[in-house]
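Report on one structure; see the data block that follows.
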Amino acid sequence: MRKSLVPVAAALVLWAGCGGDTGPATPPAVPTGLSARGSLGEIELAWDASSGGGLRGYNVYRGSDSTDFARINADPVTGLAYRDSGVDDGVYYYYKITAVGDAESGFSGMVKQMHGTRLLAGYDSGCVLEPGALNPYVAEDSVGIAGGD
């Protein structure tokens, strides 16, 4: 009787170990279209919707250079935009995002941005701004900038 139980017990152990294995989770598609815009005291990020892989939201990663990133949101962002108000004057920040679902996707493309630096009314910077040039300043009231409006 013992000899016939051993093969049955071994077969049950092997079956139990393989029956529930479904393989690795599939992540959502890598997000695309990431853009950033600096405004007074914050940087506004926006991106295109991702899909698949049980998509639940997005993680936002920020770095002070283009190589070291840390996640800055506690829970997945459920929309297609994020406002980062934890930024300092005159500092460029680098951003990437991931899609979160059954697993986390790879990183999106990277963007670099600085928030708007306040120029108080009556300030005259003496700088010349080229038409269409990016600048990190947010002007209040009537700020005099040579070559600008």
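Heavy atoms only: backbone and side chains are in, while hydrogens, waters and symmetry mates are out. Just so you know, residue 1 is the first one in the sequence shown, and it goes up from there.
Inter-residue side-chain proximity for S105 and P31 is flagged as met; some heavy-atom pair is nearer than 4.5 Å. The side-chain heavy atoms of H115 and S39, taken from C-beta on, include no pair separated by under 4.5 Å. Counting only heavy atoms from C-beta outward, the side chains of V87 and R62 approach each other to under 4.5 Å. Proximity of Y82 to E44: side-chain heavy atoms (C-beta onward) are nowhere separated by under 4.5 Å. Looking at heavy atoms from C-beta onward, V100 lies out of side-chain contact with L55 at the 4.5 angstrom threshold.
In this structure S64 satisfies the side chain to side chain contact (heavy atoms under 4.5 Å, CB included) test with no other residue, sequence neighbours excluded. When the side chain to side chain contact (heavy atoms under 4.5 Å, CB included) test is applied to D68, the partners found at least two apart in sequence or on another chain are D65. Remark: E42 engages R83 in a salt bridge (charged side-chain N to carboxylate O under 4.0 Å, His left out) (not counting sequence neighbours). Applying the side chain to side chain contact (heavy atoms under 4.5 Å, CB included) test to R71 and every residue at least two apart in sequence or in another chain returns N59, Y61, N73.
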**OP:** Begin from the C-alpha positions of D88 and Y93 and carry the test side-chain contact (heavy atoms from CB on, under 4.5 Å) through to its verdict.
**Re:** CA-CA 9 Å; D88 294 322; Y93 293 94; 3.6 Å; yes
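Of the possible polar contacts, one joining the R56 side chain to the G101 backbone as a donor-acceptor pair under 3.5 Å is found. When atom types are taken as modelled, the side chain of S108 and the backbone of I97 share a donor-acceptor pair closer than 3.5 angstrom. Judged by distance alone, with hydrogens and angles left aside, the side-chain atoms of T98 form no donor-acceptor pair with the main-chain N or O of F107 at under 3.5 Å.
Within the structure, every pair that satisfies the ring pair (Phe, Tyr, Trp, His ring centres under 6.0 Å) test and touches residues 29-49, not counting sequence neighbours, is listed here: W47-Y58. Sequence neighbours left out, not one pair with a member in residues 94-108 passes salt bridge (charged side-chain N to carboxylate O under 4.0 Å, His left out).
By the rule that hydrophobic residues join a cluster once side-chain heavy atoms approach within less than 4.5 Å of another member, V111 and F69 end up as members of separate clusters. Transitive grouping of hydrophobic side chains (ILVMFWY, heavy atoms separated by less than 4.5 Å) keeps M110 and Y92 in distinct clusters.
How far CG of D84 is from CD1 of I43: 6.0 Å, rounded to the nearest 0.5 Å. Separating the OH atom in Y95 from the NZ atom in K112 is a distance of 13.0 Å, to the nearest 0.5 Å.
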